[in-house]
Amino acid sequence: MVFRICHRYLVLFAAAIGASMAAVGASTPAPPMCSAPARIAMRPTAARIAMWSATEERAAGRESGWRREQTRADVCRCGLLLSAALLSAARPARADVVADLLLPCRRVACVSSQDDRPAVWDEPWEYDERRAGGVDGVLARLRTALALEPNCEIVEGARAGGRYLRAVIKITNDGSVRDELEFYLTPGDSLVQFRAERSPAGVPDLGANRRRVDRLRQALKLTKLPVLRDRQTVLWFETPLDTFGAAEYDSAPPLGR
């Protein structure tokens, strides 16, 4: 009798547990299932493959175009650098100031205030520091006077502590024959040293540089500084054949033509 009662209660308990588990399973949503049309839409159709291919081709085209633009820019930069190098090579070689001295003349077609060989020498210019406005004032007036010279180009104006100015005057249209002018205001005094030479070698200037330099001096309203030296004349008057005493450029190479 007791066994039957226990068995009945166990059956009822098992039925209750089964019912509760069934209720929990019914309340939990089932995972969504793709319908047949959705599964068909997810397949890589020919249209989608063509669209992907077109997208990849456009991306490749953009990359190729960027590479072409980059190559074109590199070529332009190389061209600019090459042009600058050619222009620098075509420009006359620069003569530096060494120990406050301009380089000596290389040929007779030259005039210099620091090369005291009679054939090429001329007196330096003297300026009043206060009236001329100092070094900057003299250089500014010199630039203005050079601007009035035909075919003149100032190619350098900030050398030797701001005291150096260099200009090139084209004698021929292509610049194959030119006059190179240098001006240097020496520190510690009020003098303008100069050097003007015709290039290339073998082309005479027939005194053009000497006349031009004196014309510039007159435009600046400067005076020549008399320089006394032991001049030994060959004739009874002064000539380029005269000689002087010991000079700075006695050891310089002979003047060319």
Side-chain angles (χ1 to χ4, degrees), residues 91-149 152-169 178-199 205 207-231 238 240 242-253 255:
R91 182 168 287 177
R94 184 186 66 205
D96 286 331
V97 177
V98 180
D100 289 333
L101 292 174
L102 297 169
L103 294 182
C105 291
R106 297 170 294 179
R107 54 188 66 94
V108 177
C110 178
V111 60
S112 173
S113 62
Q114 290 187 322
D115 189 336
D116 44 12
R117 290 173 288 185
V120 296
W121 181 76
D122 199 358
E123 292 93 347
W125 308 339
E126 188 177 21
Y127 64 92
D128 186 276
E129 186 82 21
R130 184 179 57 186
R131 292 182 180 178
V135 174
D136 294 337
V138 175
L139 289 178
R141 293 166 57 193
L142 184 56
R143 289 190 185 93
T144 302
L146 286 170
L148 299 177
E149 292 291 327
C152 180
E153 178 189 4
I154 297 176
V155 295
E156 191 170 358
R159 292 270 308 159
R163 295 175 171 269
Y164 177 83
L165 184 65
R166 181 167 179 263
V168 173
I169 296 178
R178 61 192 177 273
D179 288 338
E180 303 173 26
L181 288 74
E182 295 177 283
F183 301 91
Y184 179 55
L185 280 64
T186 51
D189 53 34
S190 301
L191 296 180
V192 179
Q193 307 289 350
F194 56 84
R195 176 181 179 271
E197 186 175 60
R198 177 155 294 185
S199 296
D205 68 346
N209 277 306
R210 190 178 292 271
R211 292 191 297 270
R212 183 185 295 111
V213 165
D214 197 60
R215 185 168 61 248
L216 291 171
R217 179 189 63 80
Q218 294 177 18
L220 270 64
K221 298 180 180 181
L222 302 181
T223 58
K224 291 185 177 182
L225 178 68
V227 178
L228 300 178
R229 290 198 52 201
D230 183 15
R231 185 170 190 143
E238 295 181 357
D242 297 345
T243 59
F244 292 100
E248 183 71 31
Y249 292 106
D250 283 347
S251 60
L255 292 170

_Does L181 form a side-chain contact (heavy atoms from CB on, under 4.5 Å) with L216? I'd like the steps, not just the answer._
CA-CA 11 Å; L181 288 74; L216 291 171; 4.0 Å; yes

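- In this structure R215 satisfies the side-chain contact (heavy atoms from CB on, under 4.5 Å) test together with E149, R212, sequence neighbours excluded.
- Rounding to the nearest 0.5 Å gives a distance of 8.0 Å between CD of E123 and CG of L225.
- Side chains of E180 and S199: a donor-acceptor N/O pair is present below 3.5 angstrom, by distance only.
- Contacts of Y127 classified as ring-ring contact (aromatic ring centres under 6.0 Å, His included), with partners at least two apart in sequence or in another chain: none.
- G162 and V135 get closest at one heavy-atom pair: O-CG1, 3.9 Å.
- Here the straight-line distance linking atom CD of E197 with atom CG of D115 works out to 9.5 Å at 0.5 Å rounding.
- L142 contributes atom CG, which lies 13.5 Å from atom CZ of R217 (distance to the nearest 0.5 angstrom).
- Rounding to the nearest 0.5 Å gives a distance of 6.5 Å between CG of L146 and CD1 of I169.
- Nearest heavy-atom pair across L102 and Q114 is N-OE1, 2.7 Å.
- Partners of A208 by side-chain contact (heavy atoms from CB on, under 4.5 Å), not counting sequence neighbours, listed by chain and number: R198, D205, R211.
- In terms of heavy atoms, R210 sits closest to D122 at NH1-CB, 3.6 Å.
- Contacts of D189 classified as side-chain contact (heavy atoms from CB on, under 4.5 Å), with partners at least two apart in sequence or in another chain: T186, L191.
- When every heavy atom of R195 is checked against every heavy atom of R106, the shortest pair comes out as NH2-NE, 3.8 Å.
- Scanning both residues, A109 and N209, for their nearest heavy atoms gives O-ND2, 4.0 Å.
- D116 and W121 make their closest contact through CA-CD1, 3.4 Å (heavy atoms, listed as atom of the first residue, atom of the second, distance).
- By the side-chain contact (heavy atoms from CB on, under 4.5 Å) test, A140 is found to be paired with no residue, residues two or more places apart in sequence or in another chain being considered.
- Between atom CH2 of residue W125 and atom CD of residue Q193 there is a gap of 10.5 Å, rounded to the nearest 0.5 Å.
- Summarising the geometry, atom CG belonging to L185 is positioned 9.0 Å from atom OG belonging to S190; distances are rounded to the nearest 0.5 Å.
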*Check against side-chain contact (heavy atoms from CB on, under 4.5 Å), F194 and E182*: CA-CA 5 Å; F194 56 84; E182 295 177 283; over 6 Å; no

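- Ion pairing between E126 and K224 fails under the 4.0 Å rule for side-chain N and carboxylate O.
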_Determine whether V213 and V111 satisfy the following criterion, side-chain contact (heavy atoms from CB on, under 4.5 Å), listing intermediate values before the conclusion._
CA-CA 8 Å; V213 165; V111 60; 4.1 Å; yes

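- With sequence neighbours excluded, the residues that form a side chain to side chain donor-acceptor pair (under 3.5 Å) with Q218 are D214.
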